[in-house]
Amino acid sequence: MSGITYEDFLDLSYTPTETDLVCTFRIAPAEGMSMEAAASRVASESSNGTWAPLHIDDTFTDMGATTFSIDGDTIRVAYPAGLFEAGNMPQVLSCIAGNIMGMKAVDTIRLEDCEWPEAIVEGYPGPQFGSGVRQEIFGVDDRPILATVPKPKVGLSTERHAEIGYEAWVGGLDLLKDDENLTDQSFNPYSDRLTESLAMRDKAEDETGEKKSYLINITAETNEMLERADEAASQGNEYVMVDVVTAGWGAVQTVRERCEDLGLAIHAHRAMHAAFDRVPDHGVSMRFIAQISRLCGVDQLHTGTVGLGKLANEDTVGINEWMRSDLYGLKDVLPTASGGLHPGLVPQLMDAAGGNLCIQAGGGIHGHPDGTRAGAMALRQSVDSVTEGVPIGEYAEDHPELATALEKWGTETPR
């Protein structure tokens with residue numbers, strides 16, 4: 001018989017193996033608790049430890065995590081790959097972001113980053129399309145794809161919703177998008193909205209000669225989401241949208257599998273992410289949420305506006321770079337910038353984030369003094385000014401829709 005104590009989960013001489021999942025945490029130990037004692041409890045509680053010393057025999061398989069680095073308030077913990085069920089993201093989160101978030105041994109704890117080994121990554125499909133949606137669906141690779149949410153985001157009739165989509169499409173946008181809280185309400189039912197919006201999409205395609213599509217929100221109970229995805233595919237749509245945090249990662253994995261069969265891309269809305277990542281010293285980081293989104297297989301994900309929009313966010317550029325990085329052959333994820341954007345911010349946005357992204361604007365289109373179509377034209381013109389290498393103010397001299405947008409909003413971030 002042998003005993004297991006908290007000290008067995010701390011080894012500052014340990015070198016992680018190539019199959020270990022390495023997680024970086026920032027922690028503040030509780031009063032009277034040393035950093036070493038708190039760090040060992042993080043590794044213990046998130047793997048196979050408990051508060052009381054255990055006496056075990058040789059039938060035990062060691063799945064203990066090891067805190068192997070302490071640097072100020074930052075610790076690094078290595079988890080053996082065998083601790084995790086292959087392809088089960090909820091189980092992974094229950095380990096590395098579960099009970100430890102409520103331990104009394106720490107006043108605060110934040111999961112900042114993970115280094116994912118191939119042994120774990122190979123259990124996940126990753127995106128079906130990734131940033132390839134720009135070329136595969138829209139036939140463009142020299143500019144961001146552009147989207148809008150009709151405003152107000154809830155309360156519009158189905159007919160009016162579809163009409164606004166048409167105006168945006170013919171103005172030059174690629175995508176109509178539902179917002180996070182529009183699903184199947186009586187004022188705008190899902191099936192009616194899908195049918196009427198796609199009819200307007202087809203009309204816009206005929207008039208513009210450009211491919212158009214619709215990010216329709218299927219978020220619901222998991223089986224209902226599958227039925228809605230089936231319906232979207234049966235009517236010839238190319239996308240579905242899922243509120244990935246509120247729907248839950250197991251549901252996202254199920255939807256990803258169905259969308260593989262249907263050939264649908266998944267646009268991920270991150271509603272509720274800030275409940276976990278906004279407080280800088282507790283919870284999990286947006287970087288971590290982006291990582292699990294990619295593993296579970298979304299194609300597009302909201303990642304922020306590099307500080308230009310109305311919503312708070314951390315290190316958007318770094319998150320975007322990670323989503324494009326090599327990850328054992330998994331496809332990348334197309335970043336979506338949204339929240340308080342308008343045409344005057346596009347040059348700054350693209351300078352910081354590049355052109356391989358989706359730009360989504362709501363009020364910055366529909367709030368245009370001349371209406372939605374002119375607002376869409378202004379956004380498209382602002383992108384064209386960047387891709388053509390012409391300063392936006394100069395470009396606006398020959399593009400009245402853009403000139404009006406700049407007169408209204410300038411190039412400043414809204415509050």
Side-chain angles (χ1 to χ4, degrees), residues 131 133-135 137-149 151 164-177 204-205 207-213 300 302-311 313 316-317 320-321 324 334-415:
S131 64
V133 295
R134 293 193 305 152
Q135 178 63 47
I137 295 178
F138 300 101
V140 300
D141 57 14
D142 59 347
R143 64 168 177 85
I145 54 175
L146 307 178
T148 192
V149 173
K151 298 292 182 178
I164 292 174
Y166 168 76
E167 291 294 314
W169 278 316
V170 295
L173 302 196
D174 306 287
L175 286 159
L176 176 66
K177 177 186 170 297
E205 286 183 344
E207 293 179 12
T208 64
E210 295 181 341
K211 181 63 183 174
K212 310 292 180 181
S213 194
Q300 298 177 194
H302 293 247
T303 60
T305 59
V306 295
L308 296 172
K310 67 182 181 180
L311 303 177
N313 200 80
T316 298
V317 172
N320 291 355
E321 288 176 349
R324 298 184 181 114
L334 184 69
T336 297
S338 67
L341 293 178
H342 58 73
L345 296 175
V346 166
Q348 299 171 68
L349 175 64
M350 291 181 64
D351 180 63
N356 186 16
L357 73 161
C358 175
I359 299 175
Q360 189 264 311
I365 287 176
H366 310 297
H368 191 285
D370 298 320
T372 293
R373 185 181 302 201
M377 293 173 69
L379 185 66
R380 180 70 174 265
Q381 290 162 5
S382 68
V383 170
D384 291 343
S385 76
V386 177
T387 59
E388 295 175 23
V390 180
I392 191 168
E394 180 180 337
Y395 201 84
E397 293 175 4
D398 298 320
H399 296 85
E401 296 83 10
L402 179 57
T404 298
L406 294 180
E407 181 179 354
K408 181 175 179 63
W409 291 301
T411 57
E412 301 300 320
T413 299
R415 298 293 293 179

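Atoms considered below: every heavy atom in the structure, side chains included; atoms not considered: hydrogens, waters and symmetry mates. Numbers here simply count residues along the sequence, with the first being 1.
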Donor-acceptor pair, distance only, cut-off 3.5 Å: does the side chain of Glu205 make one with the backbone of Lys212? yes

Throw together a table of side-chain donor-acceptor distances under 3.5 angstrom for residues 393-404, partners on residues two or more places apart or in other chains.
unit_1	atom_1	unit_2	atom_2	d
Tyr395	OH	Glu388	OE2	3.4
His399	ND1	Tyr395	O	2.7
Glu401	OE1	Gln381	NE2	2.9
Thr404	OG1	Pro400	O	3.0

What are the two closest heavy atoms between Asp174 and Pro144, and how far apart are they? OD2-O, 4.3 Å

Main-chain N/O of Asp384 paired with Arg143 side-chain donor or acceptor, under 3.5 Å: no

Looking only at atom types and distance, does a side-chain atom of Trp169 sit under 3.5 Å from a main-chain N or O of Lys211, one as donor and one as acceptor? no

Closest heavy-atom pair, Lys151 versus Ile164, reported as atoms and distance to 0.1 Å, is O-CD1, 4.3 Å

Of all heavy-atom pairs between Gly344 and Leu406, which one has the smallest distance, and what is that distance? CA-CD2, 3.6 Å

Nearest 0.5 Å please: distance from the CD1 atom of Ile365 over to the NE2 atom of His342. 12.0 Å

Ile359 CD1 to Ser382 OG distance, which is reported to the nearest 0.5 Å: 6.5 Å

For Glu407, look at atom CD and say whether over 12 heavy atoms of other residues, nucleotides or ligands are found less than 6.0 Å away. no

Name the residue from Thr316, Thr336, Asn320 that meets the side chain to side chain donor-acceptor pair (under 3.5 Å) definition with Thr303. Asn320

Could you check Ile392 against Val346 for side-chain contact (heavy atoms from CB on, under 4.5 Å), going step by step and ending with a plain yes or no? CA-CA 9 Å; Ile392 191 168; Val346 166; 5.6 Å; no

OG1 of Thr387 to CE of Met350: how many Å apart, nearest 0.5 Å? 6.5 Å

Is it true that a side-chain atom of Thr148 and a backbone atom of Ala361 form a donor plus acceptor pair closer than 3.5 Å? yes

Pairwise distance CZ(Arg324) to CG(Asn356) - rounded to 0.5 angstrom: 5.0 Å

Can you see which heavy atom on Cys358 is nearest to which on Ala147, and at what distance? SG-CB, 4.1 Å

What distance separates Leu334 CG from Gln300 CD, expressed to the nearest 0.5 Å? 5.0 Å

Tightest non-hydrogen contact, residues Thr411 and Gln348, listed as O-NE2, 3.0 Å

OG1/Thr305 to CD/Gln360 distance, rounded to the nearest 0.5 angstrom? 11.5 Å

Aromatic ring pairing Trp409/His368, orientation class (parallel under 30°, perpendicular over 60°, tilted between): perpendicular

Taking every non-hydrogen atom, the tightest pair across Arg134 and Leu357: CD-O, 4.3 Å

